[in-house]
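First the structure, in the form of C-alpha cells, and then the observations on it.
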Amino acid sequence: MRWRHAVRATFTPTTATESSPLIGKVISNSRAPQIAHEMLVEYFMALLVIMGLTAPVDKQSRRSSQYFGHLAAAEELSNLIPDNYDAIDPVFDNSTDREIIAALGTTARLHCRVRHLGDRAVSWIRQRDLHILTIGIMTYTNDQRFLARHIDNSDEWVLKIVSVQQRDAGVYECQVSTEPKISLAYKLVVVTSKAQILANRELFIQSGSDINLTCIAPQAPGPYTHMLWHKDTELVSDSARGGIRVVSEQQMKTSNLVISRVLHTDSGNYTCSADNSNSDSVFVHIIKSEQHAAMQHELGSRLVLPPLPLLLLAVLLVVLLAPSNLQPRIPHIPRIPRTSHSTR
C-alpha cells in the first residue's frame, strides 16, 4: 500500500489550484472520476515502464496512429458538410411564370421561389416608385389590396393583388436581403375581359321545358382554370335538384349549362364567372303552361285584327267597285235656250 501511494504521488500532477482548500474541494467534487481515471492510467504506465520500454512504446505508437487516422477521416468528412447553412447563397427558382396576365377586377398572384433562403427576408417592391409593398408576410402599404402569402417550410413567396386595376400594371421585384441584394423582376399585364352569356338579359321559359345557356370568354387571358355557374348565390353544380349538366371547354373558353324540365323554383338570376374574367348574368322567368297559352292567344288575336290602313283601303275598294244601281243618281236639270233680240 505504501508503494502504491508512492507511485501515485510520483505520477500525479500537482497544480497551483490544488493548493487552495476551496478549489481543491471543488475539483474533488467535480473532477473526481476524471482524476481517478488519470491516476489509474498513470499507474499502469509506470508498471509498463518497469517491465520494459519496447512494448508500451509499440502499443502507444499503434494507438496514436489509429487515433490520428480517425482524426483524418473525421476532418475529410467535415469538409463535405458546411459548418454554417447560411454560407450557401440563396438562389431563385426560375421555373415560375414571370409575366402574369390578369383581367380587370380579378385577383392577380405573383409567385417567387427562393431556395436556401436561410434567415434572409423576401420583399416585394413596385419598380415604378420603388415602394416596398411587403417584407416577409407583413404588408407595408396602405393599399389593402396588396397581401403577402407564404406557407411555412416552403420556398414560395406570393404577392396577391385583389381587384386588379389598370394602374397596377407594371414591373414588380422579388428581392432577397443578401449582401449585395439580389432581385428578380415580374411583369403584370392588366386586360379587360368579361364573360358573356349568349342570351337576352331576361328569359321566359315554359315550365317543363329545358334551360340551355352558353357562356363565352373570348378575351380571357389564356385558358381558364374554372368557369362556374351560380343561381343567385348558390353554386349550380352543388344543387341537390338533379337534372343539371355543365360542359366546359377550357381551350375554347366556353361553358354550357343545361337544366332539364325546369320548375317554378328554377326562376332566378344565373351568373357565369371565369377565374380570369368578369362575370355576366341573365334573369330567367319560369312561367306556367296556362300563362304560356294565354300569351299565345293574345298574340294570335292581335294578328287577326287588320291594321287601320287596310280597313280604309277595303272601304274605298267597296265604294269604287259597287254596282251602278247602288250609286246615287244626280237629278237632270234641263237647259234653257238663249233668245236673241234683233235691234232695229
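Index from 1, following the sequence. These numbers were taken from a predicted model, which means no experiment stands behind them.
Atom CG of Asp119 sits about 8.0 Å away from atom CG of Leu117, to the nearest 0.5 Å. Taking OG1 from Thr96 and CD from Glu156, the interatomic distance works out to 8.0 Å, rounded to the nearest 0.5 Å. Summarising the geometry, atom OG belonging to Ser123 is positioned 4.5 Å from atom CD1 belonging to Ile135; distances are rounded to the nearest 0.5 Å. A distance of 5.0 Å separates OG1 of Thr192 from CD of Gln166, quoted to the nearest 0.5 Å. Here the straight-line distance linking atom OG of Ser281 with atom CZ of Arg201 works out to 8.0 Å at 0.5 Å rounding.
In this structure, Asp155 does not pair ionically with Arg113, as no charged nitrogen and carboxylate oxygen lie closer than 4.0 Å.
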Yes or no on side chain to side chain contact (heavy atoms under 4.5 Å, CB included) for Leu159 and Thr134, after CA distance, side-chain angles and deciding distance?
CA-CA 8 Å; Leu159 176 64; Thr134 64; 4.1 Å; yes
Can you check side chain to side chain contact (heavy atoms under 4.5 Å, CB included) on Ile211 and Val284, steps first, answer last?
CA-CA 9 Å; Ile211 294 178; Val284 177; 3.8 Å; yes
As a quick check of understanding, evaluate side chain to side chain contact (heavy atoms under 4.5 Å, CB included) for Ile151 and Asn153, giving each step before the final call.
CA-CA 6 Å; Ile151 300 176; Asn153 300 323; over 6 Å; no
Verdict with reasoning, Val91 to His116, per side chain to side chain contact (heavy atoms under 4.5 Å, CB included)
CA-CA 7 Å; Val91 292; His116 312 304; 4.1 Å; yes
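More than 12 heavy atoms of other residues, nucleotides or ligands shown are found within 6.0 angstrom of CG on Leu198. The 12-atom threshold is not exceeded at NZ of Lys187, counting heavy atoms of other residues, nucleotides or ligands nearer than 6.0 Å.
Asp280 places a side-chain N or O within 3.5 Å of a backbone atom of Ile197 that can act as its donor or acceptor partner. At least one donor-acceptor pair under 3.5 Å links the side chain of Arg145 to the backbone N or O of Ser163. Side-chain atoms of His264 do not come within 3.5 Å of backbone N or O of Lys288 as any donor-acceptor pair. Side-chain atoms of Asp232 come within 3.5 Å of backbone atoms of Asn269 as a donor-acceptor pair (strictly under, hydrogens ignored). Between the Gln127 side chain and the Ile125 main chain, no donor and acceptor come within less than 3.5 Å of each other. For Thr139 (side chain) and Thr141 (main-chain N/O), no donor-acceptor pair under 3.5 Å exists by modelled atom type. Looking at Asn256, its side chain does come within 3.5 Å of a backbone N or O of Leu213 through a donor-acceptor pair. Arg109 places no side-chain N or O within donor-acceptor distance of the main-chain N or O of Ile161, the cut-off being under 3.5 Å. Without hydrogens or angle criteria, Tyr186 side chain to His111 main chain gives a donor-acceptor distance under 3.5 Å.
The closest side-chain donor-acceptor pair between Trp229 and Ser255 falls under 3.5 angstrom. Side chains of Ser177 and Gln175: a donor-acceptor N/O pair is absent below 3.5 angstrom, by distance only. Side-chain contact annotation: Ser279 with Ser273, donor-acceptor N/O pair under 3.5 Å absent.
Thr178 and Pro180 get closest at one heavy-atom pair: OG1-O, 2.6 Å. The nearest pair of heavy atoms linking Ile88 to Arg120 is O-NH1, 3.8 Å. Here the closest non-hydrogen pair linking Lys231 and Val236 is N-CG2, 3.6 Å.
Side-chain contact between Cys112 and Trp124: present, with at least one pair of heavy atoms (C-beta onward) separated by less than 4.5 Å. Proximity of Ile244 to Val258: side-chain heavy atoms (C-beta onward) are nowhere separated by under 4.5 Å. Under the 4.5 Å side-chain criterion, counting only non-hydrogen atoms from C-beta, Leu263 is not in contact with Ile286. Residues Ser248 and Thr254 fail the side-chain proximity criterion, which asks for heavy atoms closer than 4.5 Å. Here the side chains of Leu104 and Val191 are not in contact, with every heavy-atom distance at 4.5 Å or above. Side-chain atoms of Glu202 and His285, non-hydrogen and from C-beta on, do get closer than 4.5 Å to each other. Looking at Pro90 and Arg115, their side chains never come closer than 4.5 Å, going by heavy atoms from C-beta outward. Residues Arg149 and Leu147 are in side-chain contact: their nearest non-hydrogen atoms beyond the backbone lie under 4.5 Å apart.
Annotation: salt bridge (Lys or Arg N to Asp or Glu O under 4.0 Å) contacts involving residues 123-141, sequence neighbours excluded, comprise Arg126-Asp129.
Clustering ILVMFWY residues whenever any of their side-chain heavy atoms sit less than 4.5 angstrom apart, transitively, puts Ile100 in the very cluster that holds Val164. Linking ILVMFWY side-chain heavy atoms closer than 4.5 Å, directly or via other members, places Val246 and Ile205 in a single hydrophobic cluster. Taking hydrophobic clusters as Ile, Leu, Val, Met, Phe, Trp and Tyr residues chained together by side-chain heavy-atom distances below 4.5 Å, Val176 shares a cluster with Leu110. Under a hydrophobic clustering in which Ile, Leu, Val, Met, Phe, Trp and Tyr are joined whenever their side-chain heavy atoms come within less than 4.5 Å, directly or via other members, Val171 and Val189 fall into different clusters. Under the 4.5 Å side-chain heavy-atom criterion for grouping Ile, Leu, Val, Met, Phe, Trp and Tyr, Leu184 is connected to Leu133 within one hydrophobic cluster.
Aromatic ring orientation, Tyr172 versus Phe146: tilted (interplanar angle from 30° to 60°).
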